[in-house]
Amino acid sequence: MYDAMIFSRLDLPRVIAAWSAGRAVYVPTTAGGNTTLAPFDPERGLSLDYGNTTLSPKAFLFPQTECLLRFATCGQDAALAVAEPQGTQKRLLFGIRPCDAAAFALLDAVFCQDAHSTDPSWVSRRERTILVGLGCNTPDAACFCTAMGSGPHHPRGLDILAADLGDEVLLTPVTDRGRALLAEAASIVPGIPARGERGGTALGRAATLRINAEAVMARSPFAGLTLEAVARRSQRTVHALGIWPAIAETCLNCGVCTFACPTCHCFDIQDETKGASGRRVRNWDTCMSWLFTAHASGHNPRPTKVERVRQRFMHKFKYMPMNLGGRPGCVGCGRCVRQCPVNIDIREVLRTLDMACRAAPPSGAPRAEADS
Amino acid sequence: MASPKTYRPNIVAFFCRWCSYGAADLAGSLRLRYPVDIRIVRVPCSGSISPQYLLYALLQGADGVWVSGCHPGDCHYRIGNMHARRRLTLFHNLLDYVGIERARLLFTWIAASEAHKLQREAEAFVTAVAALGPARRLVKSLETCIL
Amino acid sequence: MNAYARRIREIARRLLSEKAVDAVAGYRAGTVPMRARPFVARTPAEAGELTWTGFCVGNLAKLAIGLPGRVAVCAQGCISRNLVGIVRENRLARENLTVIGVPCLGMLDARKILAKVGGRMVTGVREEGDAVTATGADFEETFARGDVKRDTCLTCRHRNPVLVDEVVADPVPETGGGDGDRIIELWERKKPDARFELFTRTFRDCIRCYACRDVCPLCHCATCFVDRSRPQWLGKTQDEPDVLTYHLLRAFHCAGRCTDCGACESACPLGIPMRRLTAKLESDARRLFGHEASLSLDAKPALAVFSPDDPDEVFS
C-alpha cells in the first residue's frame, strides 16, 4: 500500500496516454449495448461508467481462434510445420474487473501446470499483457465474486488495482511490473503518493467503497453460497445426485455460458487445408455441445443435455477445486447469469447442489472415488 | 491470383445428369467449343442441390457457381426441379441481398438436346465472372493471424 | 401480479388438477431483473409459480418438443404458429398439445430499456397498460411500450394465437403496426458493396455460441450442418467466411417456416439483429409464393410445396 498513487480523475486519460507509448492500451468502451475492451482513443476519452465487459477479456490471452502452426500438404516440404508467432503484441488492459483478473490467475494454473505442459501462447500473451483493474463500486444483481473467493476490489491477478474515488483515482500496484508502470505514469502526469494524511484519506475512501460494494453483495438473495458440502462429498456422490435433470430441463445447450465465461478454457484443434498449404487452428469449444464428446465410433459418453449441464457445474465446483487445492473454477463474474437465454442461474444451481450434498449420505470408501 | 490479363475464373457447375450434363456431352460430340474454366459436378437432379453446396463452393474460392437442371415440367423425378426453383430463387435472392455479386451465380434450365444453349450460357457466364475478377466475399483463406 | 399471469395460473392449475395435461410450459420469475425463465409446471402447486411479463422472450415451442406426455404451452401469436409448425412436422402430436393462447401486445427488449436509462443499473421493471416503468437505485423512468418493444414485435402481423385451446384474454389488435418489409429495406436500398459491408458488420461480433440456433424451434436436424465432420461444411474458426456462412445457412434453413418470434435475437448475448436475414427470406416467400409460415394446420411450408407457375426470375 505504501507505493500507491493518487491521480486526479481528469488526469486519468493522460496516465493512460502515457502508458500507450510502447504498447497497445485497451479500455472499456460501450457501443450498441455491448461493452468491450477497445483500443484507447484519446479523442473519445474514458468512461468509468460501465458494469463489466459483455464478454470476458479472456480472448486477449486465449483467442477464440488461434493459428498454432502452418504446414505444406504436398511437395518436398510436406508436413513441415512452422511455428506461428504467438502473442507478439505488448498490451495493457485497463479497467478489467477483479473477477476477470482472478480468472486469469486461475487459468495460469490450468495453462501452466508444470514445465512440460506449459502452453506457450498463453504464457507469451500473459507475459506481454499488463492488467490494470478497476474495483467495482456498484456490483450488479448477477455478481457473486465474494462467494467465489474473490471480491469487488480484490487484487489477485492484477498488476495495478485502481479505485474510482469520484474526483480522484487511487492506483495501487500489486506486482513489480505494476510498480514500474506506476513510476512510468508518475514521471509524466503529476500524481500524489498515497502517504500521510492525504494518502490515509484516499485509502480510507477506497476501503469504504470496497466495504459498501461487499455489503451490496451480502444483501443479494444468493449471499452465503458455499462449496464446503460439495467438497466433502465424493465425486461419485455429487455425480449421482438426483438434481441434474431438473437443472438441465430448460437448457438449450447453446454455448453462451461457456463462451462468456472467463474461466472456461476448453478448446478444439482443427487442421484446415487449402491447396498446397494448411494450418492448425485452436478454437474455443463448449461442453454444452453434443459434438464436444462425440467419439469417432459414434458413441457419445454424454448423450443428453443432462450429462452436459452436469459436466459444466461439476467442472466448476468439483473437478477444479479437486485439482486446484480447493479453488472453485468460477470467479463469480455473473456473465452466465446475465446472458443465459433461459436464465439458468449458476448461483441457484450451486445452492441446490449444496443442499443436495448436505442431504446426501456420507461418502463411501475411498475406492468409490478412484472408480469414478 | 494472376494478373488481369491471364486471369481465368474458377467456376463450379452442378449439372443434372438427365439434362444439362447430357447437353455438355452433346456439346462435346458436336465439337462445340466452350470455355474450359468450368468444372462440372454431376448431380442426380437439380432438386438434390442444397444451398450448402453452393456456399461450400464459394467458401473454397469458386469465382462463380452454376446450377442447371431440366426445364420445368421435364424433371426425371417429376417435381425435383420445381422444388429447386423455389429453393434456389430464395437462396439467390438472399445472397444478392447480403451483397454477393449477382453475376457470380447462374441458374439455367438446359435440356439434353440444348448443347448450343449450354455453349451460349457458358460463354456469357465466364465472361461475366471474369469481368468481376477473383471472388473475395465469403472466400475462406487461411491467412488470418491473431497477435 | 398482472391479469395475464393470474389467468395463466388459473388455467394451468385447472388443467393439471383435472389431469388434462401432464405438464404446462410457461415462464416463472427470473433471478435477475428483466428476465423471465422458461419453466415446466407439473403439479397444481407448481402452477402457482407461473407468470407472464414482457420479458418472456424465449420460444416455448422448443421446450414443448422435448416434453413427454400431454403438454400445455403458453403461446403468443408467433409461438402458436411455431406450435402449428411442429405439429405439422410430426414433432408433437396435436392430441398431446393444449395451447394456452396469450394475445400479445409485444415483448420487451432489455437492451432498449438499458439504452433508455443510459446504462444505469435497472433493478425492476413494471408494466401497466402501455406504460413500462424501469426503476433503479436512484431513478424511475416511464416509457411508452412501443419505444422499448423488441424490433420483431414492432412489425408483428399476428399478435393473437392462431391455434387456441384455452384463452388468457380477449384478442388484441392483430398487428404491431410496423411493416415487416421495412427491415430489409435497410439493406436493399444499398449497392451490393455496401450491402456486403453491412452484412459483415452486423455479424462481426458473433461468437458462434449458436444460441440463435438452439433457441429456435425450427431447427430439427439430428446433426446440424455446423457440427458435421464428414464432410465438414464450414470451419470452426472466427474467420469471417465461416461465421457468415453459418448465419446464411441457419437463416436459409428457416426459410418459409420462420414465424419471426425473435427468440434468436433475444437469445443472442451480443444483440446481433439476425432477423435481417430471416426477414428477407420470409418477405420473399410472401412476395413470390404468397406464403406466410404456419398460419393453419393445413398449410404446408413454402419450400415443401411448389406451383407450376412459380416465378422463373432467377433462372434463364
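Lettering of chains follows the sequences in order, A, B, ..., and the numbering in each one begins at 1. All of these numbers come straight from a predicted model, not from anything done at the bench.
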Novice: Ignoring hydrogens and angles, state whether a donor on the side chain of B:K140 or C:T245 is under 3.5 Å from an acceptor on the partner side chain.
Specialist: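 The answer is no; no qualifying pair exists.
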Novice: Give, as side chain, backbone, both or neither, the part of C:V305 having an atom under 4.5 angstrom from any heavy atom of chain B.
Specialist: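 Both the backbone and the side chain of C:V305 come within 4.5 Å of chain B.
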Novice: With under 30° as parallel and over 60° as perpendicular, where do the rings of B:F107 and C:F315 fit, or are they tilted in between?
Specialist: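 Tilted: the ring planes of B:F107 and C:F315 meet at 30° to 60°.
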Novice: Would you mind checking which part of C:L198 comes under 4.5 Å of any heavy atom in chain B, side chain (CB onward), backbone (N, CA, C, O), both or neither?
Specialist: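 Nothing of C:L198, per the 4.5 Å heavy-atom cut-off to chain B.
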Novice: Rounded at 0.5 Å granularity, tell me how far NE2 in B:H71 sits from CG in C:D312.
Specialist: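 Rounded to the nearest 0.5 Å, the NE2-CG separation comes out at 10.0 Å.
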Novice: Ion pair present between B:R86 and C:D284, side-chain N to carboxylate O less than 4.0 angstrom?
Specialist: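 Looking at C:D284 together with B:R86, the answer is no, because their closest N to O distance does not fall below 4.0 Å.
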Novice: Answer yes or no: is there a side-chain heavy-atom contact under 4.5 Å between B:H83 and C:L303?
Specialist: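 Result no, sub-4.5 Å side-chain heavy-atom pair not found.
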Novice: Treating B:Y97 as the side-chain partner and C:R276 as the backbone partner, does any N or O pair qualify as donor plus acceptor under 3.5 Å?
Specialist: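 Flag set: sc B:Y97 to bb C:R276 pair under 3.5 Å.
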Novice: CG of B:N93 to CZ of C:R287: how many Å apart, nearest 0.5 Å?
Specialist: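 Going from CG on B:N93 over to CZ on C:R287, the span is 6.0 Å.
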Novice: Heavy-atom pairs under 4.5 Å with chain C: which of B:T108, B:V98, B:L138, B:L142 has the most?
Specialist: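 When all of B:T108, B:V98, B:L138, B:L142 are compared, B:V98 has the most.
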Novice: With a 4.5 angstrom heavy-atom cut-off, is it the side chain or the backbone of B:A57 that approaches chain C, or both, or neither?
Specialist: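 B:A57 has no heavy atom closer than 4.5 Å to chain C.
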Novice: As a quick check of understanding, evaluate salt bridge (Lys or Arg N to Asp or Glu O under 4.0 Å) for C:K280 and B:D96, giving each step before the final call.
Specialist: CA-CA 11 Å; C:K280 166 66 180 169; B:D96 178 45; over 6 Å; no
Novice: Where do B:L90 and C:A285 come nearest, in terms of heavy atoms and distance?
Specialist: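 Closest approach of B:L90 to C:A285: CD2-N, 4.1 Å.
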Novice: Given a strict heavy-atom distance threshold of 4.5 Å, which part of C:P311 is in contact with chain B: side chain, backbone, both, or neither?
Specialist: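 Contact with chain B: backbone only.
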Novice: Let me know if B:Q60 has heavy atoms under 4.5 Å from chain C in its side chain, its backbone, both or neither.
Specialist: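 For B:Q60, no heavy atom lies under 4.5 Å from chain C.
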Novice: So which of B:R102, B:E101, B:H92 has the largest heavy-atom pair count under 4.5 angstrom toward chain C?
Specialist: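 Sorted descending by pairs with chain C, the first entry is B:H92.
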Novice: Taking every heavy-atom pair that is under 4.5 Å apart, which of C:D242, C:L277, C:L234 has the most such pairs with chain B?
Specialist: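 Greatest number of close heavy-atom pairs with chain B: C:D242.
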Novice: So what's closer than 4.5 Å to chain B heavy atoms on C:F196: side chain, backbone, both or neither?
Specialist: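 For C:F196, the contact with chain B is made by backbone and side chain together.
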Novice: Count the heavy atoms of every other residue, nucleotide or ligand shown that sit under 6.0 Å from CZ of C:R182, and state whether that count exceeds 12.
Specialist: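 No, not enclosed.
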Novice: With chain B, which of C:V243, C:L244, C:L281 has the greatest number of heavy-atom pairs at distances under 4.5 Å?
Specialist: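 Ranked by contacts with chain B, first place is C:L281.
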Novice: Would B:Y56 and C:F225 count as a side-chain contact (heavy atoms from CB on, under 4.5 Å) if you check the C-alpha gap in whole Å, the side-chain angles of each, and the deciding distance to 0.1 Å?
Specialist: CA-CA 12 Å; B:Y56 190 70; C:F225 68 94; over 6 Å; no
Novice: Counting only non-hydrogen atoms closer than 4.5 Å, does C:Q232 touch chain B with its backbone (N, CA, C, O), its side chain (CB onward), both, or neither?
Specialist: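 Contact with chain B involves the backbone of C:Q232 alone.
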Novice: Does some side-chain heavy atom of B:I100 sit less than 4.5 Å from a side-chain heavy atom of C:F199?
Specialist: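 No, every pair of side-chain atoms sits at 4.5 Å or beyond.
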Novice: Any chance CZ of B:R33 has more than 12 other-residue heavy atoms, nucleotides or ligands included, within less than 6.0 Å?
Specialist: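 Incorrect, the count does not exceed 12.
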Novice: Just how far is it from atom CZ of C:R228 to atom CD of B:Q52, taken to the nearest 0.5 Å?
Specialist: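 Here the rounded value is 6.0 Å.
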Novice: Please state whether the side chain, the backbone, both or neither of C:A304 comes within less than 4.5 Å of a heavy atom of chain B.
Specialist: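 Just its backbone gets close to chain B.
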Novice: Around C:K300, counting heavy atoms of other residues, nucleotides and ligands shown, do more than 12 lie under 6.0 Å from its NZ?
Specialist: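 No, not enclosed.
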Novice: Nearest 0.5 angstrom please: B:S141 OG to C:E240 CD, how far?
Specialist: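 Between atom OG of B:S141 and atom CD of C:E240 there are 10.0 Å.
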Novice: About how many Å separate CG of C:L248 and CG of B:L58, when rounded to the nearest 0.5 Å?
Specialist: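 It is 9.5 Å, given to the nearest 0.5 Å.
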Novice: Taking the side chain as everything from C-beta on, heavy atoms only, tell me whether B:V139 gets closer than 4.5 Å to C:P241.
Specialist: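 With C-beta onward as the side chain, the pair stays apart.
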Novice: Which distance, rounded to the nearest 0.5 Å, do you find between the CG of B:L55 and the CZ of C:F252?
Specialist: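 Nearest 0.5 Å value for the CG-CZ distance: 9.5 Å.
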Novice: Given heavy-atom pairs under 4.5 angstrom as the criterion, report whether the side chain, backbone, both or neither of B:L59 touches chain C.
Specialist: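 Contact with chain C involves the side chain of B:L59 alone.
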Novice: Report which part of B:L95 has an atom under 4.5 Å of a heavy atom belonging to chain C: side chain, backbone, both, or neither.
Specialist: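 Side chain of B:L95 only, per the 4.5 Å heavy-atom cut-off to chain C.
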